[in-house]
Each structure stands twice: as structure tokens, then as C-alpha cells.
Amino acid sequence: MLNWLKGKRETPATAVVRIQRFNPDVDEKPYLQEFEVAVTEDKTLLNVLHDIKTMTDGSLSYRRSCRHAICGSCAMNVNGMNKLICHQRLKDNLDWQGRVTIRPLPYLPIIKDLVVDRSSFWEQYQRAKPWLVPPDDVPEKEFRMTPEEVEALRNAETCIMCGACYSACPVVALNKQYIGPHALLKSFQRVMDPRDTIPGERLADVGTDEGVYRCHTIFNCIDACPKGLDPAGAIETLRKLAQKREAFEEARAERQQQ
Ligand code: FES
């Protein structure tokens with residue numbers, strides 16, 4: 001105990017994992033269930049759920065796939081923060097009493113236990129027209145990009161669509177019409193891509209009260225992103241570009257002629 005207070009975190013031999021359970025067929029509301037698990041140096045929170053499911057309670061439901069922070073399916077709420085649990089060690093998430101609490105992503109309907117319904121997340125993503133629209137006649141020479149454009153695209157294209165930012169956004173919680181930080185980050189990626197031919201249409205789509213002007217710049221999306229991306233910065237750029245939409249589109253068309 002003294003070492004915890006001094007900031008020296010000795011790894012305890014066991015930990016209490018509190019997991020939010022909810023089976024809509026039998027439960028009136030969600031509740032927390034505690035499991036005692038052994039702590040080992042590299043055990044992840046996903047390992048913990050897997051151990052519980054295989055050895056203690058096979059009815060526990062959660063999503064996972066890659067186990068390498070790539071697919072985004074294991075995003076959950078750990079001690080109040082959205083995280084990829086395959087990328088989180090158990091020992092790093094214990095409080096001073098040796099406990100960790102895992103809940104499903106907030107603000108989304110619960111299907112069962114830690115599995116949420118992401119339909120609204122994907123519907124909003126579709127609204128951002130996430131596909132590239134290149135010129136009809138593909139030029140023979142390559143599209144040139146500035147280092148700033150490369151950096152902007154690199155930031156956006158590493159999004160793994162885990163939903164951590166979307167479900168951390170209080171504006172999403174209050175207004176399901178808001179397109180959301182994930183979709184706006186994708187829109188930003190396409191708008192900034194010099195190969196795209198419809199930046200004006202995209203800026204008109206997102207330059208609305210359900211788009212960039214609905215964001216309250218609370219920055220939860222930045223805190224929640226497990227890849228360290230900056231959806232709030234992308235939204236700010238889209239706001240500025242939406243003000244000069246026609247000029248931006250003309251400049252893009254001119255550039256593609258060169
Ligand atoms: Fe794929 Fe965690 S299981 S990101």
C-alpha cells in the first residue's frame with residue numbers, strides 16, 4: 001500500500017476486473033460484475049476478457065479481431081476512457097486498489113455486455129462520401145503533393161474506424177444528426193487529396209449545422225483516439241475551407257489541368 005501512495009507501482013498478484021454486463025433478454029438495466037484474475041507482466045485487457053470467457057463465463061460477449069490495434073473492433077471504455085483493449089496492459093490500468101472497470105463504448109445502444117450497435121457510426125461515415133472521386137481522364141504523369149499535404153493525409157488515413165472518438169463526443173451523445181469526428185476526419189482526408197475532383201461538393205456537405213459547425217471543440221476526440229490523430233484540427237481546417245469553398249474548388253480543378 002505504501003508503495004502505491006509513493007507512486008511506486010508494484011504489480012499485484014491478482015486484480016479485480018469489473019465488467020459491465022447486460023443481456024437484454026433478462027436484464028432490466030446494465031450492472032457491474034467482478035472477476036478476480038491473475039496479473040502477469042504482459043497480459044492485456046483483451047487477454048483478460050478472453051480468459052474469463054474461456055474459463056469462467058462463456059456468456060461474456062465482446063468484439064475483437066486482430067489483437068494488434070489494427071482492426072478497431074475492441075474499442076471499449078476503460079476506467080472512463082475509450083481505449084483499444086488489445087493494446088492495454090492489465091497492470092497499467094489498475095487503480096490503487098488493484099481494480100479496473102471495463103464498460104462498452106458510451107452513447108451507443110448496447111446489444112449485449114460489451115458489444116454496442118455501431119449503425120449510427122457507419123451511417124454518418126457514409127454521409128461523408130468516404131470514397132475518392134478521381135478525374136475521368138487519369139493524367140499520364142503523377143499527381144504531385146506538397147509535404148504539408150502528405151502530412152495532412154498521413155494524419156487522416158491512419159484512422160482505423162474504431163469509434164473511440166465518435167463515442168467520446170458529447171455532441172454525438174446529444175445530437176445523433178451530427179456527422180461526428182470520424183466522418184469529418186475522412187471528409188478532410190478527401191478534401192485535401194489533390195486527386196479528388198469534388199472538394200467543393202464535400203465542403204458544401206459538411207459546412208452545415210450537422211457538420212463542422214456543430215462541433216463544440218471540446219477535444220474529447222483527440223484524447224480518445226488510440227492512434228493519436230487530430231479530428232478536431234481537421235474539423236477546424238474544414239471550417240476555414242468551407243468559407244472559401246468555390247475558390248478552393250477552382251484552384252483544385254486548375255491544378256489538375258497542369
Ligand atoms: Fe483489433 Fe483490438 S482487436 S484493434
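Counting convention: from 1, in listed order, for ligands and their atoms alike. Scope of the values below: all heavy atoms of this structure, side chains included, with no hydrogens, waters or symmetry mates.
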Here the ring-ring contact (aromatic ring centres under 6.0 Å, His included) pairs for residues 114-145, sequence neighbours left out, are F121-Y166, F121-H182, W122-Y125

Applying side-chain hydrogen bond (donor to acceptor under 3.5 Å, both in side chains), name anything that partners N220, two or more places apart in sequence or on another chain. none

N155: what forms a side-chain hydrogen bond (donor to acceptor under 3.5 Å, both in side chains) with it, not counting sequence neighbours? none

Under a 4.0 Å N-O cut-off, is there an ion pair linking R154 with E151? yes

Salt bridge check: are R21 and D113 linked by an N-O gap of less than 4.0 Å? yes

Check atom 2 (Fe) of ligand 1 and write out every protein N, O or S atom at under 2.8 Å, as residue and atom. C74 SG, C86 SG

Does a salt bridge link K112 with D25, judged by any charged N lying under 4.0 Å from a carboxylate O? no

